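Note sheet for the following structure.
All of these numbers come straight from a predicted model, not from anything done at the bench. Any value given below was found using the heavy atoms of this structure, including those in side chains, with hydrogens, waters and symmetry copies removed.
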Amino acid sequence: MYGVGTGRLIADRYALTERRAHLGSIEVWSAVDNTLGREVAVTVFPSNLSRADAIVDAARRSAALNDHRLVRVLDVGTGDDMSWLVEEPLTESASIADLVARGPLPPEEARRIAGEVASGLDVAASRGLHHLHVTPHSVRRTDGGLIKIAGLATAAALEGTEEPDPARAERVDAVATVALMYAAMTTRWPLPQAIPGLQQAPRIVGGVVAPSEITLAVPPDLDAICRATLNHDTGPRSPKELVARITPWSHTIVRHVAPKASPVSRPAAPVTERIPIVPAQRRSGQAPGDRRNAGLAAGAAAGGAGPIARVREHREQEREARAATTRRRLEERRADPNFLNLPEAMEEQRNAPLPPPAPLIPQTPEIEGRHAKLILAVVAGVIVAAMALAVPTLTGMFSGKGSESSAPTATSRPASSASGAGTSVSTRGATTPAALATGAAIAPVTVTAFDPQGDGKENNAAAKRAIDGKASTAWTSEGYKDPSAIGGQKDGVGLVIELPDSTQLKNVKLDLGAGDEAVTLYSADRKSLDGATSVGSVSGSGEQSVTLKTPSTSRYLIVWVTKAARGTDGKYRAQIGDISLSS
């Protein structure tokens, strides 16, 4: 587009870095958000474009949705000569088209992808939004396995597609999702429109061939759904119905390697010829039929091309093919780090050299008589001395004296608290680890941003600033429009701090930002608020101290910010400058 290039600043905030794609005057760029210091994807197009208003409206409606399967629209705007929409970048991801270019995906992974896509489209349909252009290029899989749908509502606006009635729109999205599942299993696209990078699925009378005719191990229910939806205009009528038909699916990537796609026209099995029977020759000659059989046997013996040789050759080829298939599948399974070949492991263990035997315990040498007398005398002397020392003590115990000196004493020390009041901590009969010493500083193991109701990132790269011991460096969340409940989009955001083993956490010091914030502390055994225990809370600004209600020995401390502070740009962000922990 004229006037758009590397370094151009969009909305005085987004600096364009590299053009990724373009469709006429519509261009997609990677950019840097100078306000938040993060990567974003920016789509720019002329404001006088005939579809500009429809694109901006679709983007604004999509931005109102909050579902982890939908690519988030972060900003939308229109200027004098240019309009734009800003989305999350998804740099660490690959489209389904890129994935199937390397080979078919396992059928259960195709089920998972289709289930996640249908679930996201069902959420959008409940708000009156539809995609209408679901293809292997509009669905991406992150390195962590999350499925992301790009172009909700905006793809149709970019293409200038007229939106049909809701029932028809849901059917279009359901059919496209089934086609996506078909392509993931077969690397072929079954719908009429061509998709760059994918071959068209082979067609038969009435539609396309079933997935089971192209690849192996296709589950019967997925095969039946593809047949009914793509060939007979039946099958699921909406994404919600598709979810019900294919559930349940795995919530993690199915990494088992799928077999290579086989040609549609399978070679016919070779005809097995009857082995001719050569009867014994008659003394007076041979009958015509006997001469024919004898000629076949002679040809087989001389040239090796007779029926007997062909049958034997066919059987040998079958054995070799089965052996090659077994070897290929074994190699594919070996590529899976979770695969354990028990017979091979046992065979390797059997062939491995045995470890050297444990050294024998030397026998106690016999004590010669002259040494034995000396040793016995020493032992007797020790026993007499011990009894001489023990008798006064035993006498004092029975007479009631010396009880104070002989009884074990319990040492106590005051435990530090925010109010300064001390409490006694008994150490009788126990050894206190150094990590449990009162007032000892606790060094966190790791810290990560915590955004369970969003995309899970929340400026994670800056999370380590909260534990670097410097109040001048701070972790801040992304910007929101409202201070409470983080803009109404989620209950909160925060940090998860992993604590070292054998740690008893009692005191937490927080250096909050200049604005008013509300923070709740949770102790948890995993990175989740489910099952976590609230151990303290604080609100305000600047340095805050919290003494936990109950000393925590859990593995994680969750710092959960439920009210954010307003920044200079008018947006609200959670801000934590430094966190200090002590026992």
Pairwise side-chain contact, L121 with T177, heavy-atom cut-off 4.5 Å (strictly under): yes
Between the side chain of H68 and the main-chain N/O of G120, is any donor-acceptor distance below 3.5 Å? no
Which heavy atom of E109 sits nearest a heavy atom of T252, and at what distance? OE1-O, 4.2 Å
Trace of the side-chain contact (heavy atoms from CB on, under 4.5 Å) decision for V76 with W84: CA-CA 6 Å; V76 184; W84 64 86; over 6 Å; no
Does a donor on one side chain sit under 3.5 Å from an acceptor on the other, for D468 and T473? yes
For the pair E498 (side chain) and Y556 (backbone), establish whether a donor and an acceptor sit closer than 3.5 Å, ignoring hydrogens and angles. no
Interatomic distance, OG1@T476 vs CZ@R465, rounded to 0.5 Å, equals 7.0 Å
For residues L146 and R141, determine if any side-chain heavy atom of one lies less than 4.5 Å from a side-chain heavy atom of the other. no
If we only count heavy atoms from C-beta on, is the V535 to T550 side-chain gap below 4.5 Å? no
CG (D143) with more than 12 external heavy atoms under 6.0 Å: yes
Quick one: are V100 and I96 in side-chain contact, heavy atoms under 4.5 Å? yes
Are the side chains of Y522 and S552 in touch, meaning some heavy atoms are under 4.5 Å apart? no
Hey, could you give me the OG/CZ distance between S250 and R112, rounded to the nearest 0.5 Å? 6.5 Å
dist R38:CZ -> N460:CG (nearest 0.5 Å) comes out at 13.5 Å
Report yes or no: does T503 contribute a side-chain atom to a donor-acceptor pair with the main-chain N or O of L499 at less than 3.5 Å? no
Do I558 and F450 have side chains that get closer than 4.5 Å, going by heavy atoms? yes
Which one of T553, L581, I497 satisfies the side chain to side chain contact (heavy atoms under 4.5 Å, CB included) criterion with L505? L581
Using only heavy-atom distances, determine whether the side chains of N459 and E478 contain a donor-acceptor pair under 3.5 Å. no
Taking every heavy atom of G540 against every heavy atom of L512, the minimum-distance pair comes out as O-CD1, 3.6 Å
Go through the steps for D578 and K470 under the test salt bridge (charged side-chain N to carboxylate O under 4.0 Å, His left out), then give the verdict. CA-CA 6 Å; D578 192 52; K470 303 176 184 177; over 6 Å; no
Is the backbone of A574 close enough, under 3.5 Å, to the side chain of S477 for a donor and an acceptor to pair up by distance? yes
Between L65 and L129, is the side-chain contact (heavy atoms from CB on, under 4.5 Å) condition met? List the steps. CA-CA 9 Å; L65 286 177; L129 294 176; 3.6 Å; yes
Contact between D451 and K490 at the side-chain level, heavy atoms closer than 4.5 Å - yes or no? yes
List the atom of V559, the atom of V519, and the distance in Å for their closest heavy-atom pair. CG1-CG1, 3.5 Å
Under 3.5 Å, side chain of S545 to main-chain N/O of K509, donor-acceptor pair present? no
Heavy atoms only: give me the nearest D98-A94 pair and the separation to one decimal. CB-CB, 4.4 Å
Given the rule in the side-chain contact (heavy atoms from CB on, under 4.5 Å) test, do L222 and M181 qualify, once you have shown the distances and angles that lead to the verdict? CA-CA 9 Å; L222 301 188; M181 180 171 63; 3.8 Å; yes
Measuring from atom CG of L49 to atom CD1 of I55, what distance do you get when rounded to the nearest 0.5 angstrom? 5.5 Å
Quick one: CD1 on I113 to CG on L105, what's the gap to the nearest 0.5 Å? 5.0 Å
CG (L180) and CG (D173) are apart, to the nearest 0.5 Å, by 11.5 Å
Determine whether K148 and E88 satisfy the following criterion, salt bridge (charged side-chain N to carboxylate O under 4.0 Å, His left out), listing intermediate values before the conclusion. CA-CA 11 Å; K148 293 284 188 176; E88 58 179 313; 3.6 Å; yes
Whether H131 side chain and H133 backbone form a donor-acceptor pair below 3.5 Å: yes
Short side-chain donor-acceptor distance under 3.5 Å, S47 and T78: no
How far apart are the closest heavy atoms of A183 and W189, and which atoms are they? CB-CE3, 4.0 Å
Looking at side-chain heavy atoms only, is the closest gap between V32 and Y14 below 4.5 Å? no
Do side-chain atoms of N507 reach the backbone of T547 as a donor and acceptor pair under 3.5 angstrom? no
Using modelled atom types only, decide if a donor and an acceptor are shared between the side chain of T43 and the backbone of V28 within a distance under 3.5 Å. no
Evaluate side-chain contact (heavy atoms from CB on, under 4.5 Å) for L495 paired with W560, printing each intermediate quantity in order. CA-CA 7 Å; L495 299 171; W560 186 240; over 6 Å; no
Ignoring hydrogens, what is the shortest heavy-atom contact between A532 and A524? Give both atom names and the distance. CB-CB, 3.8 Å
Heavy-atom donor-acceptor pair, R51 side chain to L158 backbone, under 3.5 Å: yes
Hey, are K563 and Y572 close enough side-chain-wise for a donor-acceptor pair under 3.5 Å? no
If only atom types and distance count, is the side chain of R111 paired as donor or acceptor with the main-chain N or O of I246 below 3.5 Å? yes
Side-chain donor-acceptor contact under 3.5 Å, R140 with S93: yes
